[in-house]
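No hydrogens, no waters, no symmetry mates; every other heavy atom, side chains included, goes into these values. Throughout, a chain's letter reflects where its sequence line sits, starting with A, and its residues are numbered from 1.
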Amino acid sequence: MANAPVTTKKDWATDQEVRWCPGCGDYSILTAVQLMMPELDVRREDTVFISGIGCAARFPYYMNTYGMHSIHGRSPAFSTGLAMARPDLDVWVIGGDGDMLSIGGNHLIHALRRNVNVNILLFNNMIYGLTKGQYSPTSEVGKVTKSSPYGSIDQPFNAVSLALGAEASFVARTHDMDRKHMQETFKRAHAHKGASLVEVYQNCNVFNDGQFDTITKRANRPANLIDLIHGEPIRFGVDNERGVIIDSSGNAVIVDVADVGEDALVVHDEYREDPAVSFALSRIAANPYSPTPMGVFRSVDRIEYAAGATSQLAAAQEAKGPGDLHALLRSNPTWEVD
Amino acid sequence: MANAPVTTKKDWATDQEVRWCPGCGDYSILTAVQLMMPELDVRREDTVFISGIGCAARFPYYMNTYGMHSIHGRSPAFSTGLAMARPDLDVWVIGGDGDMLSIGGNHLIHALRRNVNVNILLFNNMIYGLTKGQYSPTSEVGKVTKSSPYGSIDQPFNAVSLALGAEASFVARTHDMDRKHMQETFKRAHAHKGASLVEVYQNCNVFNDGQFDTITKRANRPANLIDLIHGEPIRFGVDNERGVIIDSSGNAVIVDVADVGEDALVVHDEYREDPAVSFALSRIAANPYSPTPMGVFRSVDRIEYAAGATSQLAAAQEAKGPGDLHALLRSNPTWEVD
Amino acid sequence: MTDVAESPAVPEVERVVIRFAGDSGDGMQLTGDRFTSASALFGNDLATLPEFPAEIRAPQGTLAGVSAFQVQISSERVSTPGDEPTVLVAMNPAALKADLNRLAGGGTVIVNEDAFEERNLEKAGYVDNPLEDGSLDGYTVIPIPMTKLTQEVCADLDVKPRVAERSKNFFALGLVSWMYTRPTEPTLDWVRQKFKGKEKVIAANIAAFKAGHAYGETAELGSHMVSIAPADLEPGTYTNINGNTALSWGLVAASQQSGLPMFLGSYPITPASDILHELAKHKNFGVRTFQAEDEIAAVCSAIGASYGGHLAVTTTSGPGVALKGEAIGLAVILELPLVIVDIQRGGPSTGLPTKTEASDLLMAMYGRHGESPMPVVAAYSPSQCFDAAIEAARIALTYMTPVMLLSDGYLANGSEPWKLPDVESLPDIDVTFATSHNATNDDGEPIFLPFERDENLVRPWAVPGADGLMHRVGGLEKADKTGNVSYDPENHALMTELRQKRIEIIANDIPPVEVTGDPDASTVVVGWGSTWGAISGAIRRLGQAGTGVAHVHLTHLNPFPPNLGEVLAKYDKVLVPELNMGQLVKLLRAEFLVDAKGINKVMGQPFTAAELEREILAHIGEG
Amino acid sequence: MTDVAESPAVPEVERVVIRFAGDSGDGMQLTGDRFTSASALFGNDLATLPEFPAEIRAPQGTLAGVSAFQVQISSERVSTPGDEPTVLVAMNPAALKADLNRLAGGGTVIVNEDAFEERNLEKAGYVDNPLEDGSLDGYTVIPIPMTKLTQEVCADLDVKPRVAERSKNFFALGLVSWMYTRPTEPTLDWVRQKFKGKEKVIAANIAAFKAGHAYGETAELGSHMVSIAPADLEPGTYTNINGNTALSWGLVAASQQSGLPMFLGSYPITPASDILHELAKHKNFGVRTFQAEDEIAAVCSAIGASYGGHLAVTTTSGPGVALKGEAIGLAVILELPLVIVDIQRGGPSTGLPTKTEASDLLMAMYGRHGESPMPVVAAYSPSQCFDAAIEAARIALTYMTPVMLLSDGYLANGSEPWKLPDVESLPDIDVTFATSHNATNDDGEPIFLPFERDENLVRPWAVPGADGLMHRVGGLEKADKTGNVSYDPENHALMTELRQKRIEIIANDIPPVEVTGDPDASTVVVGWGSTWGAISGAIRRLGQAGTGVAHVHLTHLNPFPPNLGEVLAKYDKVLVPELNMGQLVKLLRAEFLVDAKGINKVMGQPFTAAELEREILAHIGEG
Ligand SMILES: Cc1ncc(C[n+]2csc(CCOP(=O)(O)OP(=O)(O)O)c2C)c(N)n1
Ligand SMILES: Cc1ncc(C[n+]2csc(CCOP(=O)(O)OP(=O)(O)O)c2C)c(N)n1
Ligand code: SF4
Ligand code: SF4
Ligand SMILES: [Mg+2]
Ligand SMILES: [Mg+2]
């Protein structure tokens with residue numbers, strides 16, 4: 001896929017009218033992706049976007065690549081088949097929190113543990129958009145929606161924790177208000193050989209407006225966005241005055257740097273084999289209303305699924321030679337009648 | 001359910017012939033449960049066993065309680081409905097690693113996050129028994145089975161990690177070779193108000209014999225079973241010479257106590273709100289061939305799902321009075337024709 | 001402004017069909033709803049057809065973004081939203097472009113001329129402005145600068161321009177209300193209720209409405225004014241209701257009438273979600289709603305609740321039913337009551353989620369592996385969804401079986417006046433849980449046989465908690481009576497037979513079909529589901545024109561009513577209109593060996609009476 | 001011991017039917033398999049019926065734990081495993097109890113008398129020992145202390161008693177091999193191969209086999225000896241094959257013949273798992289197998305691979321198909337090739353997983369929401385599964401459509417001699433990926449229309465990587481030609497029509513039905529699937545007895561062969577035997593309005609020829 005022809009954003013956009021509500025966070029994610037693609041040195045022809053159903057899942061229609069708008073919840077399964085059959089392709093998977101974590105939760109966690117080489121962008125708006133506003137598996141407890149008029153009673157998933165519990169080799173989080181951060185995160189996901197999960201906090205301005213304002217609004221970011229930067233102590237705050245330590249009982253907690261000293265802070269290490277610390281970091285924020293880590297939580301090398309499958313094929317061919325149908329039919333005892 | 005009549009093991013057994021292979025680990029789990037039930041002060045009439053499909057899932061047929069042998073993978077969903085409709089019942093859910101983690105993975109993680117009051121016993125034999133020996137989502141990489149003649153390439157799930165990533169409020173592990181440990185663990189699960197997941201390492205002597213021998217054989221236990229005991233430092237070893245610490249980077253690791261001193265060891269705390277340390281502990285053993293923690297990883301109180309639902313019903317009745325059908329039909333504007 | 005305009009000069013007409021069309025953001029569904037409500041309260045008979053895109057807000061100004069609401073109001077009984085609108089309210093060029101072809105020749109077009117500017121024209125694919133290029137010749141065009149007028153009237157109210165602009169649909173509503181002499185108070189009341197707390201919004205909407213209302217007179221549109229007298233409906237209390245609400249209330253009623261708490265396991269999907277929303281409100285009726293992680297969990301949770309003794313329901317649309325097949329098969333073999341509601345939509349696959357179609361009948365019949373027969377009930381009008389839901393629940397609970405209840409997008413969202421039933425008159429649903437042993441074993445000890453059967457082959461329902469009735473159910477074939485696992489060949493044959501007969505027997509407990517229209521005609525039209533209105537309308541017209549046609553409408557699709565074969569045998573021609581490629585027609589041909597012919601439409605829209613009239617005539621003409 | 005016993009005194013018979021029955025742990029499947037293989041290699045025609053419980057090892061000694069293997073071997077062509085065994089080998093009381101009723105009157109029972117001790121008798125439900133109480137009067141009983149004799153002969157070999165005991169099935173095999181003058185070398189070779197490295201096991205099994213072989217002569221059972229001459233089969237190379245292996249190889253062949261790599265997405269389920277196992281072995285053919293997390297992921301992964309240009313397959317049984325409905329509907333609307341294999345089993349629900357049934361036909365036709373037509377192909381004999389698989393793949397790839405391929409448990413596990421086809425003679429499957437634009441836009445620029453169609457209404461297959469052919473596919477209704485999302489009513493009607501016609505057109509490309517049996521008879525029997533053997537047998541016998549009956553066997557269930565209606569119209573009576581409650585019969589009645597009658601069996605077992613002979617006669621008798 002190297003040395004792809006030079007392209008611009010326009011080359012990556014289709015002629016189809018974008019059908020999201022005006023103001024929807026999906027627009028900025030689309031723009032970020034369309035602007036990023038020309039920088040990846042990949043051909044549109046070798047790129048496939050696969051989605052399920054939902055507002056987010058309309059994404060493939062707007063990318064001038066190959067694409068499939070499949071059925072609700074199953075995009076990780078479609079993309080697993082495609083990525084196994086065609087390891088030469090660049091496969092992106094797009095879906096919402098309902099699509100990927102509710103009906104599609106199982107396919108997602110299995111794709112992650114298998115480490116299939118797909119880049120999964122989970123647009124988490126903490127609501128069902130397309131079906132007009134029911135609570136989702138990431139909605140906060142007490143959320144009043146059409147299907148929960150008395151407030152939802154479901155403990156939400158934390159997508160990052162769930163992915164780490166499911167053996168994900170690459171897990172990251174970004175948000176729709178920061179194009180640069182999105183692009184960097186998506187590029188990292190793309191560079192990762194294996195399954196990458198990127199949770200994108202995305203504003204649904206019709207059914208869940210402002211859900212992420214506390215952390216993603218420019219003014220609030222210094223106080224409430226915790227940038228995870230590999231090799232750096234984890235610090236944030238308006239005056240960079242706060243930080244994260246692993247406390248004596250083993251939990252990741254926010255502290256005043258002045259109280260503990262910079263040396264006590266966790267130095268972020270994306271490449272730790274053991275996901276425990278990444279998991280601890282994912283627990284810092286129970287919801288997007290308090291300081292929340294953004295960036296790459298984990299990025300470790302593990303054999304990629306299609307590569308594993310392909311090498312077994314190659315080994316079998318090496319050992320047995322290419323398939324010989326005539327011989328196959330005669331591989332059990334035979335006899336002659338004349 | 002208190003003050004149930006006195007019963008014995010026999011009262012909890014049906015007249016149906018048990019149809020597992022001779023020597024199967026399922027027998028000892030069944031015995032453990034049948035012997036334990038009389039100690040729980042519950043009525044057989046108020047007890048329901050629900051299972052999916054698989055060898056493990058035959059369990060309900062042998063319990064003289066109410067029971068349902070449902071369909072493959074869906075037992076957490078059936079039991080969620082039953083537990084919501086009938087919070088007065090004691091609902092147990094039984095299934096294998098294929099049933100609960102492959103086809104049923106999504107229902108399992110959703111039941112856990114919702115905290116439905118069911119006791120889930122996951123019989124993990126790291127294989128598909130009933131379908132005669134394919135690898136399962138817990139089988140180790142490289143496993144040669146009928147469906148993976150060249151060795152499986154799938155990274156397995158760690159059931160405890162997965163459950164913790166899915167917001168489980170109660171997670172434990174036990175094994176089929178230790179009746180007492182099983183019973184204690186099942187009792188703890190039963191006492192927990194909310195969803196409890198107990199992973200039971202179970203030997204399938206036909207398709208995966210000896211898989212857990214390294215850790216569960218009596219002779220190997222001292223060296224390789226790490227007992228998690230609330231309030232105690234985590235120690236094990238033939239001479240109790242080893243222990244677990246959270247190291248400087250935040251991972252749980254095994255050390256020689258002599259090297260670090262007893263005070264450095266993790267004191268096990270099941271009740272930690274933050275699941276990070278429990279998660280770290282779940283990562284100590286990547287497979288059942290090296291020292292592996294057993295016992296309760298986590299047990300925290302969180303509102304139970306059916307209780308939450310029931311209290312909304314009660315509140316609505318309180319606020320609006322009991323449903324009045326006549327009034328409901330007239331709740332939108334009406335007019336009279338005479 | 002008087003509450004009911006009653007200018008004596010206003011000519012009276014029997015019926016009008018109005019279509020409100022605009023951008024998805026223009027509030028056309030609300031406008032149509034309000035107009036409908038006012039007309040219903042006024043006493044007209046009516047039927048509605050909301051049509052909207054699958055997107056939450058499709059691109060502004062485009063054809064894909066057009067949202068429309070059609071309503072027929074009449075002083076006579078009506079059964080459809082009308083063949084062709086006589087008035088089209090078009091809020092932008094796209095709406096005009098999309099819907100002009102539906103308008104009756106010589107009809108009236110009311111347009112918001114402010115929206116006819118270059119960008120919008122272009123988005124709609126107009127090269128020239130249709131208001132100016134003569135392309136509307138032959139129609140009566142009333143161009144009104146609605147946006148500007150609304151903004152002006154709002155100017156004094158200190159509301160934001162955005163809010164003012166958004167109120168223009170109330171201008172249109174005010175105008176049309178004036179034209180059709182609708183009462184205004186219900187609408188104004190509604191605005192005050194709905195936007196309580198948002199005083200600015202209330203003020204803007206009311207101002208816009210009044211401005212529109214006043215505009216008629218000011219602009220001397222008096223010649224367009226007509227009145228439609230209240231319909232001569234049966235005496236009673238009426239409400240305007242759509243199918244999903246009626247269906248939800250029917251389920252609540254079934255719960256009340258059976259004395260069982262209701263459990264709904266559901267996963268949101270268009271056009272079924274509103275049932276979940278509606279039922280979630282009624283917790284004081286003891287209704288438990290569970291938004292599951294997917295459709296499979298939804299149906300399985302319901303089966304779990306059914307095992308626990310609840311009236312268990314799962315609601316969805318076609319794609320959801322396709323996922324539930326395996327679990328429904330379990331309910332079949334467990335012989336547990338369960339109502340599965342399928343609000344059919346345009347298919348296959350994701351298809352046309354917001355459009356109507358009735359192409360899930362054969363899936364309802366056969367969408368499971370093995371021999372797993374199940375009753376199928378179909379609703380035929382928005383308000384009748386209430387009765388259909390009770391009937392489905394009655395069959396499920398009486399015969400210990402899952403039942404498929406079919407509705408569709410048109411019934412779900414369409415509305416009509418409904419004469420409210422007397423709660424006392426609703427059917428009782430008799431449910432008796434088993435509480436004691438029902439047999440003795442060889443040793444003469446009392447035992448419980450969960451698969452012992454009564455004269456209707458129905459097994460007892462023993463729910464957990466019941467003393468001494470512990471038993472296990474499961475998906476493996478079960479031994480007759482005991483329900484224990486059995487691989488015995490004869491037993492499997494017997495159980496298969498029993499499951500089949502049990503469903504067939506239900507035919508004795510459903511009403512025989514009635515023939516309406518002209519029973520003595522030589523042609524019978526057999527319908528099911530939402531085609532009822534259009535078929536009735538077509539047959540009425542044919543009758544008026546001298547062509548008698550008989551009509552049979554099926555609400556029970558499995559088993560068929562006991563006399564159906566006999567009835568069909570009386571006719572030379574059997575015509576079967578369906579919103580699919582021919583599904584009931586297959587069942588009738590196979591069952592009765594009659595040469596039934598299909599009349600089929602798969603366009604995401606209901607039949608119009610006119611279409612059916614034409615088609616039926618054509619078939620009769622074929623001799 | 002000579003390799004082929006050829007005592008000149010041995011009388012020759014045309015056929016024998018032997019049933020090996022014992023406990024699940026007794027190795028009866030292996031015994032039957034070995035006997036079958038030896039008979040096949042010897043040149044007999046044969047057909048087998050393995051029957052085993054759903055449990056891995058059901059409780060020892062019980063009726064539920066009986067595992068049996070029936071085989072008919074003959075010097076003539078045979079098409080079924082035989083109506084009634086003439087010899088029953090019963091390794092324990094439960095086996096005798098379970099299977100004695102199948103034995104032909106006057107048949108021979110060979111029993112392991114060592115197993116007839118109290119505990120086992122009790123477990124089997126015998127009060128008295130049937131070997132002693134006269135209940136076997138009328139049969140020829142040969143009681144042999146097999147366990148003891150085997151243990152004795154093993155005593156010198158220093159093998160563990162457990163191993164010795166386990167070898168007793170080889171004693172039985174040796175004895176029966178002697179009785180039927182089977183060659184012994186293939187069996188001994190097989191033992192040496194199979195247990196390579198386990199010398200003790202080899203020694204024990206061979207010793208047991210030889211002891212059994214010798215026992216016949218020693219015990220003077222010579223009067224029971226018969227020989228069955230090789231059958232007069234067409235010249236060629238033969239192998240003994242079961243349906244699942246043949247089907248797997250057929251898929252490999254289709255991959256080779258089409259030049260496309262194969263992708264199998266599957267989830268284990270009885271009786272389909274063996275296809276996954278078989279295909280997983282053939283990675284050197286470029287076959288990728290993926291054990292998915294469930295059936296939905298299995299079919300979805302296959303659709304993903306199909307989009308990527310692979311020959312995509314998913315294999316399962318009924319419950320799995322019930323789960324795949326929604327995804328199959330997507331494949332229908334995407335118009336992507338896909339082979340869905342359903343190895344049917346006893347239903348409904350979990351049903352009888354290891355038993356056979358053919359009750360998924362209507363689900364194959366209609367088990368999806370919306371109008372989603374799909375071709376259905378059914379295999380009719382174990383070896384023909386090979387051709388059926390190629391045909392299903394051919395249709396899928398040629399017509400860009402998912403295809404359902406139906407087999408069943410009986411075909412899957414049953415085996416027969418198969419004359420190996422010449423690889424050169426296999427049909428070529430022509431697949432051409434789109435590589436260039438196929439249209440021009442209004443500006444005259446070349447573009448790619450993914451839903452442009454050829455004369456068969458088939459769209460082009462452009463796979464990712466192809467230069468400039470980027471396009472999106474999806475489950476929403478798509479605009480004709482461009483495939484863009486379209487909610488246009490007329491377009492939906494058109495696309496629905498096109499999808500339907502595209503499947504109907506395939507009728508032009510499938511062979512017309514051939515009538516076998518007596519084409520001039522007045523009764524025709526129409527069958528499909530695995531009933532072929534039994535129907536053929538029954539019709540042959542009826543013919544021999546002077547009653548001519550015509551036979552039509554369908555391998556294409558959708559669309560039907562073009563001449564089917566015409567053919568059926570020629571007959572007064574149409575009889576349709578099915579291993580279900582009447583599914584094809586419904587389709588035939590609906591399609592052709594013929595008064596076809598069903599002959600149905602739902603017992604988890606195939607028809608026997610005798611049963612069908614009786615049933616057909618009874619129907620003909622009815623006049
Ligand atoms: C099988 C099936 N079930 C349900 C639906 C209805 N449905 C479509 S999208 C959706 C959820 C949308 O939420 P999310 O995935 O969070 O996406 P968003 O719209 O918020 O971007 C649902 C329930 C469907 N299309 N198919
Ligand atoms: C829908 C469906 N798919 C597949 C199967 C086949 N099946 C039965 S049990 C099983 C897996 C058994 O493994 P596990 O759950 O680990 O239980 P075990 O037998 O090992 O106790 C499978 C694949 C089925 N019964 N239903
Ligand atoms: S409903 Fe929400 S998520 Fe969907 S397009 Fe509109 S704003 Fe975006
Ligand atoms: S196959 Fe394995 S898990 Fe199943 S009953 Fe036998 S030993 Fe137990
Ligand atoms: Mg969402
Ligand atoms: Mg298992």
>> With rounding to the nearest 0.5 angstrom, report the OG1 to CG distance, C:Thr496 to D:Leu352.
In response: 8.0 Å
> Which distance, rounded to the nearest 0.5 Å, do you find between the CG of C:Asp488 and the CE of D:Met603?
Replying inline: 7.5 Å
Side chains of [X] and [Y] in contact at under 4.5 Å (non-hydrogen atoms):
X: D:Tyr487; Y: C:Glu55; value: yes
X: C:Ile296; Y: D:Leu323; value: yes
X: D:Glu295; Y: C:Glu326; value: no

Tell me, out of [options], who's got the most heavy-atom pairs with chain D below 4.5 Å.
options: C:Gly370, C:Ala493, C:Pro373; value: C:Gly370
options: C:Glu357, C:Lys601, C:Lys478; value: C:Glu357
options: C:Gly367, C:Gly347, C:Ala322, C:Gly475; value: C:Gly475
options: C:Met495, C:Glu490, C:Lys355; value: C:Glu490
options: C:Gly346, C:Ala54, C:Gly325, C:Pro489; value: C:Pro489
options: C:Val602, C:Thr354, C:Val594, C:Val321; value: C:Val602

Looking only at non-hydrogen atoms, find the nearest pair between [X] and [Y] and report the distance.
X: C:Leu476; Y: D:Pro353; answer: CD2-CD, 3.7 Å
X: C:Pro348; Y: D:Ser372; answer: CB-CB, 3.8 Å
X: D:Leu593; Y: C:Arg589; answer: CG-NH2, 3.4 Å

Show which side-chain atoms of residues 581-588 of chain D pair as donor or acceptor with protein atoms under 3.5 Å away, not counting sequence neighbours.
{"residue": "D:Gln583", "atom": "OE1", "partner": "D:Leu361", "partner atom": "N", "Å": "3.1"}
{"residue": "D:Gln583", "atom": "OE1", "partner": "D:Leu362", "partner atom": "N", "Å": "2.9"}
{"residue": "D:Gln583", "atom": "NE2", "partner": "C:Glu371", "partner atom": "OE2", "Å": "2.9"}
{"residue": "D:Gln583", "atom": "NE2", "partner": "D:Ser359", "partner atom": "O", "Å": "3.1"}
{"residue": "D:Lys586", "atom": "NZ", "partner": "D:Gly582", "partner atom": "O", "Å": "3.4"}

>> Which atoms of D:Ser486 are under 4.5 Å from chain C, going by heavy atoms: the side chain, the backbone, both sets, or neither?
In response: backbone
>> Can you tell me which portion of C:Arg499 sits under 4.5 Å from chain D's heavy atoms? Options are side chain, backbone, both or neither.
In response: side chain
>> If the contact rule is any heavy atom under 4.5 Å from chain C, which residues of residues 327-334 of chain D qualify, in numerical order?
In response: D:Gly329, D:Leu330, D:Ile333
